[in-house]
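Structure record follows, encoded as structure tokens.
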Amino acid sequence: MPRIAYFGPSGTFTEMALARFESADVFDEPVERVAAPSQGAALELIRDGVVEGAVVPIESSVEGSISPTLDALALGSRLQIVAETELDVAFTILARPGTTLADVRTVAAYPVAAAQVRGWLDDRLPGTTRYTSASNAAAAEDVVAGHADAAVSTTLAGERLGLAALASGVADHDQAVTRFVLVTRPRQAPPRTGVDRTSLVVLELANEPGSLMRVFAEFATRGVDLTRIESRPTRTGMGTYRFYLDCVGHIDDTAVAEALKALHRTAGRIRFLGSWPAGSPTGAPPPPDEPAAAWLADLKKGTADL
């Protein structure tokens with residue numbers, strides 16, 4: 001039975017994402033779920049050989065990329081994303097049985113969750129003191145432990161801990177979605193589907209005019225659509241950054257492969273994070289290679305018209 005880590009404890013949206021992967025038959029057999037206290041800890045369990053894979057959140061439609069996940073993928077030995085899934089995200093306000101909204105003076109919440117319900121809390125629970133928890137499920141555990149009166153959490157966490165729901169479906173933004181990825185040790189990418197996402201990190205880039213623009217140009221000149229461009233500090237000195245890029249397409253698409261080869265030649269250290277089927281396709285697919293390849297073959301044979 002493969003062991004799969006997830007950002008826990010039990011009851012988080014990440015555990016729900018792992019369940020979604022299981023129900024989609026991403027794994028060939030039942031898995032043993034292993035809770036980890038952070039995204040980085042979940043990924044480190046792969047590097048240490050304790051688990052075969054890990055599920056972690058990587059992007060929120062409301063708050064953007066999940067920085068701890070990005071940093072953990074860039075540091076340490078290389079890992080690879082092989083699948084993704086998306087969950088609609090709305091929160092449940094949990095409290096000990098018998099508590100009412102009027103009784104709440106303190107609220108525990110994971111920072112990403114707190115940001116997504118800030119307006120609701122200001123409107124329905126004004127003046128409450130808010131505490132940071134390690135995850136959505138940990139916020140519910142903080143209520144059980146008596147550290148807070150209420151938690152911004154999940155229905156699943158409430159059911160497992162015997163807490164009462166003071167409000168459900170709480171979200172400041174309609175149609176909030178979080179994307180989760182399944183990460184493993186490096187291996188051959190899943191087969192190309194025609195609706196894929198490729199991700200990489202430019203770990204080092206020359207500090208000179210135009211260096212980042214040249215990276216973008218390798219994709220633009222080949223018709224490869226970049227769908228995410230983000231910088232994160234390397235934490236090695238002021239003004240030093242690594243750059244995360246997502247594009248439409250698969251490493252087996254000629255245009256994407258040529259862009260990656262060009263970056264390897266010119267842009268310093270590049271970390272390939274994977275090519276996998278996209279959960280919600282965005283952007284234009286890379287141009288097909290067949291017409292140009294046929295034309296080049298005709299040129300070599302001396303039969304091309306142009």
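Since the model is a prediction, treat every value here as computed from it, not as a measurement.
In this structure, Asp246 contributes its side chain and Arg228 its backbone to no donor-acceptor pair below 3.5 Å. When atom types are taken as modelled, the side chain of Thr92 and the backbone of Ala165 share no donor-acceptor pair closer than 3.5 angstrom. Side chain of Thr198 to backbone of Gly249: a donor-acceptor contact under 3.5 angstrom is found. Arg105 places no side-chain N or O within donor-acceptor distance of the main-chain N or O of Asp149, the cut-off being under 3.5 Å. No donor-acceptor distance shorter than 3.5 angstrom exists from the side chain of Asp48 to the backbone of Leu45, with no hydrogens or angles considered. For Tyr6 (side chain) and Leu18 (main-chain N/O), no donor-acceptor pair under 3.5 Å exists by modelled atom type. Between the His250 side chain and the Pro190 main chain, a donor and an acceptor come within less than 3.5 Å of each other. Using a distance-only test at 3.5 Å, with no hydrogens or angles considered, a donor-acceptor pair links the side chain of Glu84 to the main chain of Gly279. Counting only distance, with no hydrogens or angles, the side chain of Asp196 and the backbone of Gly194 share a donor-acceptor pair below 3.5 Å. In terms of modelled atom types and a separation under 3.5 Å, the side chain of Arg47 and the main chain of Ser77 share a donor-acceptor contact.
Phe7 and Tyr110 have their aromatic ring centers within a separation under 6.0 angstrom.
With a 4.5 Å cut-off on side-chain heavy atoms, Cys247 and Phe219 count as touching.
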Which donor-acceptor pairs under 3.5 Å do side chains of residues 113-123 form with protein atoms, sequence neighbours excluded?
from	atom 1	to	atom 2	distance (Å)
Asp122	OD1	Arg130	NH1	3.1
Asp122	OD1	Arg130	NH2	2.9

Side-chain donor-acceptor pairs of residues 49-59 under 3.5 Å, sequence neighbours excluded:
from	atom 1	to	atom 2	distance (Å)
Glu52	OE1	Arg3	N	2.5
Glu59	OE1	Arg179	NE	3.4
Glu59	OE1	Arg179	NH2	2.7

- Message: For Leu73 and Ile81: C-alpha separation, side-chain torsions, deciding distance, then whether side chain to side chain contact (heavy atoms under 4.5 Å, CB included) applies.
- Response: CA-CA 9 Å; Leu73 287 170; Ile81 300 170; 4.2 Å; yes

- Message: Under the criterion side chain to side chain contact (heavy atoms under 4.5 Å, CB included), I'd like the reasoning laid out for Phe21 against Val31: C-alpha separation, chi angles, the key distance, then a yes or no.
- Response: CA-CA 11 Å; Phe21 282 124; Val31 304; over 6 Å; no

- Task: Begin from the C-alpha positions of Met16 and Val89 and carry the test side chain to side chain contact (heavy atoms under 4.5 Å, CB included) through to its verdict.
- Result: CA-CA 11 Å; Met16 297 179 197; Val89 172; over 6 Å; no

- Item | Chi angles and distances behind the side chain to side chain contact (heavy atoms under 4.5 Å, CB included) call for Ser61, Gln175 | CA-CA 9 Å; Ser61 64; Gln175 300 177 337; over 6 Å; no

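The shortest heavy-atom contact between Ala35 and Gly8 is CB-CA, 4.3 Å. Minimum heavy-atom separation, Leu70 to Ser65: CD1-CB, 3.6 Å.
Here side-chain hydrogen bond (donor to acceptor under 3.5 Å, both in side chains) pairs that include residues 16-30, with residues two or more places apart or in two chains, are Glu22-Arg33.
Between Glu208 and Arg214 there is a salt bridge, since at least one side-chain N of the basic residue sits less than 4.0 Å from a carboxylate O of the acidic one.
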